[in-house]
Amino acid sequence: MPNVVIIGAQWGDEGKGKLVDLLTQDADVVVRFQGGNNAGHTLVVGGEKTVLHLIPAGILHPGKSCVIGNGVVADPEVLCLEIDRLKKRGFLADDGQLVLSFDAHVIMPWHKAIDVAREARAGAGKIGTTGRGIGPTYEDKVARRGLRIRDLLDEARLARKVKERLPGARDELRRLGAADELDEAAVVARYAELGRKVRPYARDAALWLHRAIQSGKSVLFEGAQGTLLDVDHGTYPFVTSSNTVAGNAACGSGIGPTAIDSVIGVTKAYSTRVGGGPYPSELTDATGERLRQVGGEFGATTGRPRRTGWLDALALRYAARVNGLDGLAVTKLDVLTGFPEVKIAVKYRAGGETFDEMPSDLETLERCEAIYETLPGWTENLDGMSRYQDLPANARAYLERLARLVGVKVMAVSVGADRERTIILENPFRK
Ligand code: IMP
């Protein structure tokens, strides 16, 4: 059975959750392999809104398993809150549905405090992080001083690790001029309690996944954030702290890359970005405001207004390359309805120079402005259109031009928030 990776091809918030939720019908297992509760999926199922930050959206499907892999940084406060909320609504009736890797790193209170304090001091150069402690937790992971889920399950070990790490965290908070509200005994007691709550889900997730794949189960790997926020391949330093590209589906879950059969990149029909960093096709005018209002472009995690702009073919071609995309899923096409014309960035210009591909140097990228190709818009309401051929000719022409510019076929198109409002042209699980 095929194993498929779905990642964001832009700056995050592409509507991956909805596609994952839809394709979960054909998968047995959904895996998160990076990021943490900096991600947020707003799902509308049967008219009801559910926001999930950590647990894969696939949890809404009874009988499917969801894995939080070793590559994720997990805030156990958030995890327990999501578990409680899901259970209250009748989901996650079977604890066996959720698998939490022993090796996922834990977001501790000092990580959140350091993240917020750093951003407060950073001024103009700030990254615009979500303030969830993501960066500091990954730093501790790489510095080999992090706490993992397995450490929460043994109170004596937890107490020892907190004691070891706390002085360094306190020093950093002091340096940042932030209040130190950390009480060692209270932290140990709280995280031991959270450890007891997550114990039913904690296991060797890589082995569990290996066995699932061996037994013929189909796995969907759900990326968080987007390609241009990847710590190696994004617009560094305006990035998140994990690898968001498809290759990390293997590292972040403990399977080998040969187990992956296909990779789908999700893109909006336009573009958005949250936080700082270069964005050549950004619109700061009334058109950008209209995209924000019609598209409801306010962060699911932070509520921040998103920056908006036209679609960027250079960014998508780059995403196609670094992820090895087999297909594109284009979301929110309906948001473009009613624009007299729609544009796609096809080149950049900086000074006297033009670029056909995304420059890898941030300072060059910051100087770039987009050169657009303009296509005619459409006025038809896309609501209720369930077949590709139903779409207005101009909307199809837009999608076809996009596919040609990126060099990747369009496999799905979504035309509304509800999961039924998605046209699947080719299902990667039914090849
Ligand atoms: P962090 O992941 O909180 O450290 O934030 C680093 C950068 O990634 C900031 O620009 C955030 O706005 C951005 N970011 C993190 N998660 C998401 C997401 O899920 N969608 C969009 N942007 C995100």
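The analysis underlying the following values was restricted to heavy atoms, covering all of them including side chains, and did not include hydrogens, waters or symmetry mates. Note that ligands are numbered from 1 as they come in the structure, with each ligand's atoms numbered from 1 the same way. Please read all numbers here as calculations on a predicted model, not as lab measurements.
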Novice: Are Lys87 and Asp95 ion-paired here, with the side-chain N under 4.0 Å from a carboxylate O?
Specialist: yes
Novice: With sequence neighbours left out, write down each residue that passes side chain to side chain donor-acceptor pair (under 3.5 Å) with Asn38, or none if nothing qualifies.
Specialist: Gln225, Thr240
Novice: Please, which pairs that meet side-chain hydrogen bond (donor to acceptor under 3.5 Å, both in side chains) have at least one residue in residues 63-76, sequence neighbours excluded?
Specialist: Asp75-Lys112
Novice: Does a salt bridge link Asp171 with Arg174, judged by any charged N lying under 4.0 Å from a carboxylate O?
Specialist: yes
Novice: How are the rings of Trp310 and Phe339 set to each other: parallel, tilted or perpendicular (split at 30° and 60°)?
Specialist: perpendicular
Novice: What residues form a salt bridge (charged side-chain N to carboxylate O under 4.0 Å, His left out) with Arg170, not counting sequence neighbours?
Specialist: Asp180
Novice: Please give the N or O to N or O pairs under 3.5 Å between ligand 1 and the protein, distances rounded to 0.1 Å.
Specialist:
unit_1: ligand 1; atom_1: 2 (O); unit_2: Asn38; atom_2: ND2; d: 2.8
unit_1: ligand 1; atom_1: 2 (O); unit_2: Thr240; atom_2: OG1; d: 2.6
unit_1: ligand 1; atom_1: 3 (O); unit_2: Thr130; atom_2: N; d: 2.8
unit_1: ligand 1; atom_1: 3 (O); unit_2: Thr130; atom_2: OG1; d: 2.6
unit_1: ligand 1; atom_1: 10 (O); unit_2: Ile127; atom_2: O; d: 3.4
unit_1: ligand 1; atom_1: 10 (O); unit_2: Val274; atom_2: O; d: 3.2
unit_1: ligand 1; atom_1: 12 (O); unit_2: Gly128; atom_2: O; d: 3.2
unit_1: ligand 1; atom_1: 12 (O); unit_2: Val274; atom_2: O; d: 3.3
unit_1: ligand 1; atom_1: 12 (O); unit_2: Arg304; atom_2: NH2; d: 3.1
unit_1: ligand 1; atom_1: 16 (N); unit_2: Asn38; atom_2: O; d: 3.4
unit_1: ligand 1; atom_1: 16 (N); unit_2: Gln225; atom_2: NE2; d: 3.3
unit_1: ligand 1; atom_1: 19 (O); unit_2: Asn38; atom_2: O; d: 3.3
unit_1: ligand 1; atom_1: 20 (N); unit_2: Asp13; atom_2: OD1; d: 3.0
unit_1: ligand 1; atom_1: 20 (N); unit_2: Asp13; atom_2: OD2; d: 3.3

